[in-house]
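Written below as structure tokens is the structure these notes are about.
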Amino acid sequence: MLDPGKATDELRATVRAELPEAAEIRDPELRARVIEAWALALAASSFRAIAEIEPSGNPGVNTLKSGTQTDHIRGVTRLAIAIADQLCAQLPDLRIDRDVLIAGALCHDIGKPWEFDPRNRERWEGEPRRAGLPSIRHPAFGVHVCLTAGLPEEVAHCAAAHSGEGELLVRSLENTIVHHADYAFWGVARAGDLLIPESIAELKVRH
Ligand SMILES: [Fe+2]
């Protein structure tokens with residue numbers, strides 16, 4: 001589980017290097033909390049970098065043939081920024097909080113170090129009726145990470161509801177963009193033959 005004391009400067013530096021888009025967040029406190037949140041999530045896992053996490057939407061599902069989970073997080077973030085900037089240029093009435101959008105995109109999969117951790121997978125797969133398989137999916141665990149790191153509810157909402165869970169509520173404007181960017185990433189990766197064929201589960205996909 002999360003232990004705020006375990007986030008190290010080494011992990012913060014790793015995350016900062018892995019997610020250069022964080023530098024585009026204008027509010028310095030929000031920017032720092034995004035880095036802190038990822039450092040916290042990694043510190044509570046077997047991973048020492050985002051790039052060590054399997055490059056999939058869900059464990060074993062929609063796995064990139066090459067590249068890393070960092071490519072996914074960055075790709076979704078860049079796509080979300082492009083959607084916002086292009087549509088705001090075309091539609092002047094559109095009011096998007098760019099800081100929340102970038103932070104939300106960078107943090108949408110922040111629960112993956114938990115859900116993808118081989119130690120957790122082994123526990124859950126060995127005894128699925130004890131705590132569940134997984135006990136908590138990455139969107140829900142991501143909320144835990146975001147709120148523990150002091151991120152605002154608007155960002156935690158992107159972790160909570162970027163995926164199928166978002167069908168149970170009304171997504172914010174920024175999270176609507178993150179959601180579509182996320183699904184576009186996997187859809188384009190599939191169409192571009194970037195996914196391992198056996199990992200493609202078209203109708204079962206929950207990112
Ligand atoms: Fe994602």
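One-based numbering, in listed order, for ligands and for the atoms of each.
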N, O or S from His162 under 2.8 Å to the Fe ion (ligand 1):
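No.
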Any Cys107 side-chain heavy atom under 4.5 Å of Leu151 side chain:
yes
Quick one: sort the His179 and Tyr183 rings into parallel, tilted or perpendicular, breaks at 30° and 60°.
tilted
In Å, rounded to the nearest 0.5 Å, how long is the span from CD of Glu18 to CZ of Arg74?
10.0 Å
Which single N/O/S atom of Asp182 lies at minimum distance from the Fe ion (ligand 1)?
OD1
Name whichever N, O or S atom of Asp109 ends up nearest to the Fe ion (ligand 1).
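Looking at Asp109, the N, O or S atom with the least distance to the Fe ion (ligand 1) is OD2.
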Sequence neighbours left out, what passes salt bridge (charged side-chain N to carboxylate O under 4.0 Å, His left out) with Arg78? Give chain and number order.
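Expected list: Glu21.
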